[in-house]
Amino acid sequence: TDGSAVSHLDLHPGNVIMSPRGPVVIDWVNAHLAAAAADVARSVMTIRYQGLGLLGADGGLDEERRVRTEVLHGYTDRLRDLSDPPDGLDQWLGRTAARLLAAEPDNPDATELRHLVDAAT
């Protein structure tokens with residue numbers, strides 16, 4: 001249900017630190033109640049796509065994609081272990097992909113992002 005889950009809304013590897021007791025999520029400044037699907041979709045966009053265009057042609061784009069995909073698979077595999085995909089995930093993926101395209105029109109994965117937008121409509 002929209003607005004029923006405590007949502008970080010900026011979850012990515014840079015906001016996770018390792019402690020003696022395991023990983024700890026930090027930087028909760030954007031957190032509030034939101035749809036669980038919104039939080040998952042935002043994490044998917046941040047981990048997999050956001051900022052890729054900043055690397056440039058010779059900036060290791062293929063390696064960056066590989067690492068991000070590996071991190072994303074770990075995140076989604078763990079999410080599946082914990083629960084079913086949240087309701088409305090496809091729609092939220094489309095919304096967050098559209099926002100990312102607006103912010104980063106030269107994102108090297110723009111075609112893939114547009115596909116997510118189209119799939120949500």
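Sequence positions, counted from 1, serve as the residue numbers for this chain.
- With rounding to the nearest 0.5 angstrom, the NE2 atom of H73 is 8.0 Å from the CZ atom of R80.
- Applying the salt bridge (charged side-chain N to carboxylate O under 4.0 Å, His left out) test to pairs two or more places apart or on separate chains, none has a residue in residues 4-31.
- Between N30 and L9 the shortest heavy-atom distance is O-CD1, 3.9 Å.
- Judged as a side chain to side chain donor-acceptor pair (under 3.5 Å), and not counting sequence neighbours, Q91 has no contacts.
- The side-chain contact (heavy atoms from CB on, under 4.5 Å) check on P20 picks up nothing, with sequence neighbours excluded.
- Annotation for L11 and Y75: closest pair CD2-CE1, 3.8 Å, computed over non-hydrogen atoms.
- For R78, there are no salt bridge (charged side-chain N to carboxylate O under 4.0 Å, His left out) partners, not counting sequence neighbours.
- Not counting sequence neighbours, D81 has no partner by the salt bridge (charged side-chain N to carboxylate O under 4.0 Å, His left out) test.
- By the rule that hydrophobic residues join a cluster once side-chain heavy atoms approach within less than 4.5 Å of another member, V71 and M18 end up as members of separate clusters.
- Here the CD-CZ distance, from E63 to R68, works out to 12.0 Å after rounding to the nearest 0.5 Å.
- Under a 4.5 Å side-chain heavy-atom criterion applied to ILVMFWY residues, the cluster that includes I26 comprises I17, V24 as well.
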Review item, side-chain donor-acceptor pairs of residues 114-121, under 3.5 Å, at least two apart:
unit_1	atom_1	unit_2	atom_2	d
T121	OG1	D118	O	2.9

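- Legend: residues meeting side-chain contact (heavy atoms from CB on, under 4.5 Å) with E112, ordered by chain and number and at least two apart, are R48, Y49, D109.
- Among residues two or more places apart in sequence or in another chain, the side chain to side chain donor-acceptor pair (under 3.5 Å) test is passed with S7 by none.
- Residues meeting the ring pair (Phe, Tyr, Trp, His ring centres under 6.0 Å) test with H8, sequence neighbours left out: W28.
- Under the side-chain contact (heavy atoms from CB on, under 4.5 Å) criterion, P85 pairs with L89, sequence neighbours left out.
- Residues in residues 31-43 take part in these side chain to side chain donor-acceptor pair (under 3.5 Å) pairs, two or more places apart or across chains: R42-T46, R42-Q50.
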